[in-house]
Number of protein chains: 2
Amino acid sequence: MAGTPRERAREQTLSDITLIGRRQLGEVGAAALSLRAVARELGVVSSAVYRYVANRDELLTLLVVDAYRELGDEVDAAVDSAPQAALGRFTALAGAVRAWAVREPSRYALLYGSPVPGYEAPAEQTTTQGTRVVTLLAHIVDDAWRAGNLHGAAGPAPTRLAGDYRVIRDQLSLAAPDDVLAATVQAWSALFGAVSFEVFGQYGTDTFSDPDALHDYTVARLAAQLGLRDVGVQDAQGTA
Amino acid sequence: MAGTPRERAREQTLSDITLIGRRQLGEVGAAALSLRAVARELGVVSSAVYRYVANRDELLTLLVVDAYRELGDEVDAAVDSAPQAALGRFTALAGAVRAWAVREPSRYALLYGSPVPGYEAPAEQTTTQGTRVVTLLAHIVDDAWRAGNLHGAAGPAPTRLAGDYRVIRDQLSLAAPDDVLAATVQAWSALFGAVSFEVFGQYGTDTFSDPDALHDYTVARLAAQLGLRDVGVQDAQGTA
DNA sequence: TTGGAAGCGAGAGCACTGCTCTCATTCTCC
DNA sequence: GGAGAATGAGAGCAGTGCTCTCGCTTCCAA
């Protein structure tokens with residue numbers, strides 16, 4: 001597969017470092033993530049890991065990309081195995097995001113929580129994986145619009161942002177008009193707001209006895225606000 | 001005002017520590033907040049500050065309460081000086097939250113970002129200040145409902161959470177039914193989701209050219225989803 | 001008035017962190 | 001085989017949170 005044995009060993013060590021870092025992240029959080037502890041667990045002296053990772057921030061970047069990839073994979077899988085109707089796909093996306101966030105709170109916090117101060121995630125390494133979920137969401141809504149299955153009163157989009165929506169539409173090859181895009185972006189931030197509130201405990205530790213029910217309600221509400229309706233069989237059979 | 005000179009001096013020192021900590025928080029963030037640096041700036045050796053603050057976490061608690069208080073004060077002031085109509089009050093609340101968050105990103109992150117791992121904010125010290133904004137929001141919506149100015153299609157609340165809504169209604173002395181409370185909670189998380197996305201840069205650094213316009217759109221949409229409408233003069237004149 | 005107690009700051013010290021530098025070893029490729 | 005790159009070990013620097021002991025000052029009460 002890989003080239004020289006040395007290259008393969010290097011790749012293996014890098015993957016080991018990522019794995020150990022991921023575990024540590026879950027145990028102590030991003031702020032307390034320690035390169036020395038990773039080195040200890042790797043069975044190596046601390047200076048040795050600097051042969052593989054330039055500094056602590058680069059290890060964070062590794063973990064950010066790793067987390068984005070896993071989240072994206074799980075969301076993709078959930079949406080793929082959902083019925084083709086837009087409502088089901090949206091619900092599957094939201095459910096997968098929430099499930100991953102609840103299962104991996106530290107890694108979710110790394111992606112969607114407070115940015116680590118002084119650390120700027122390098123765009124060229126993170127955007128590809130980092131934009132997967134919102135891109136998929138946009139396409140779900142856009143497909144529904146193309147199929148004429150969007151029955152919502154979105155309200156007009158802000159005209160001052162028309163240029164921004166045009167860029168978004170072009171970059172993602174969308175067809176939906178500004179009001180749909182604006183509503184989609186708002187639903188996106190609302191979804192992650194609800195997930196963050198649950199994962200970060202903003203609702204209070206025991207305010208809501210049934211987090212699943214709260215999530216289902218939130219998602220149903222967001223779907224309705226987007227204009228997604230449960231549609232008939234002709235849509236579930238796809239456009240092909 | 002205070003008791004003995006020693007007590008007054010202690011209080012002054014504690015307030016100095018809070019102030020220095022607040023500044024440091026803005027410069028380096030919560031993760032890198034250093035008690036030793038605070039001591040240096042205070043002109044004192046590091047062990048001395050342990051006479052006032054048990055540990056780093058307690059300093060964080062001090063700053064959390066301080067931030068909640070300032071945010072609550074500014075939101076209160078904004079809502080108080082807004083017209084009495086619910087839509088104006090809601091818009092003022094959202095604008096004040098966002099303005100404070102944009103102005104004080106590190107302190108906003110301390111309150112609504114990822115929780116600092118291993119640090120649990122002591123409820124007895126933080127809940128009083130920490131629940132002010134959501135309490136005010138609930139009352140704005142509840143007042144509108146009492147006045148008959150809520151014209152929304154909220155959709156039914158999840159019945160499994162009826163008990164939770166009853167507790168909320170009792171604790172906050174509200175009158176609105178479950179569907180209104182459920183929609184209010186969802187709007188609350190959606191508002192902070194949008195603010196967090198803006199403050200934490202989730203939208204992308206330059207995706208939206210006019211953050212103000214995006215905020216205005218989001219707030220208008222949330223208000224509409226809550227059923228808040230711009231109402232006539234009879235409401236602006238109050239209920240007295 | 002005069003003790004004792006409590007509060008306070010300084011300093012040393014421990015264990016930890018990120019990161020750098022030097023040095024010896026090992027692997028790779030010409 | 002030999003030049004050179006890659007690798008790991010170790011020492012070291014500056015910083016961190018936190019503890020402990022030591023004196024000094026303030027306060028309060030007998």
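Scope of the values below: all heavy atoms of this structure, side chains included, with no hydrogens, waters or symmetry mates. Predicted model only: the values in this text are computed from it and were never measured. Just so it is clear: chains get the letters A, B, ... in the order the sequence lines come, proteins before strands, and each one is counted from 1.
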So, is [X] close to the [N] phosphate, meaning a side-chain N or O under 4.0 Å from OP1 or OP2?
X: Tyr50(A); N: dG8(D); value: no
X: Tyr52(B); N: dG7(C); value: no
X: Arg56(A); N: dT17(C); value: no

Side-chain donor-acceptor distances from residues 121-129 of chain B under 3.5 Å, at least two apart:
{"from": "Thr126(B)", "atom 1": "OG1", "to": "Pro122(B)", "atom 2": "O", "distance (Å)": "3.1"}
{"from": "Thr127(B)", "atom 1": "OG1", "to": "Ala123(B)", "atom 2": "O", "distance (Å)": "2.7"}
{"from": "Gln129(B)", "atom 1": "OE1", "to": "Arg132(B)", "atom 2": "NH1", "distance (Å)": "2.9"}

With respect to the side chain of Leu35(A), which nucleotide from dC8(C), dC19(C), dT7(D) is positioned closest?
-> dC19(C)
What protein N or O atoms touch nucleotides 11-15 of chain D N or O atoms at under 3.5 angstrom, if any, and at what distances?
{"from": "dG12(D)", "atom 1": "O6", "to": "Arg36(A)", "atom 2": "NH2", "distance (Å)": "3.4"}

Between Asn55(A) and Gly43(B), which has a closest nucleotide on DNA chain C that is more 5'?
-> Gly43(B)
Salt bridge check: are Arg166(A) and Asp178(A) linked by an N-O gap of less than 4.0 Å?
-> no
What side-chain hydrogen bond (donor to acceptor under 3.5 Å, both in side chains) pairs are there with at least one residue in residues 31-44 of chain B, not counting sequence neighbours?
-> Arg23(B)-Glu41(B)
Enumerate the residue pairs fulfilling side-chain hydrogen bond (donor to acceptor under 3.5 Å, both in side chains) with a member in residues 44-61 of chain A, sequence neighbours excluded, ordered by first and then second residue.
-> Thr61(A)-Tyr119(A)
Rounded to 10 degrees, the angle between the two terminal axes of the helix from dT1(C)-dA30(D) to dC30(C)-dG1(D), each from five pairs = 10°
Residues in side-chain hydrogen bond (donor to acceptor under 3.5 Å, both in side chains) with Ser114(A), at least two apart?
-> Ser114(B)
Ala37(B) vs Val45(A), nearer the 5' end of DNA chain D by closest nucleotide | Val45(A)
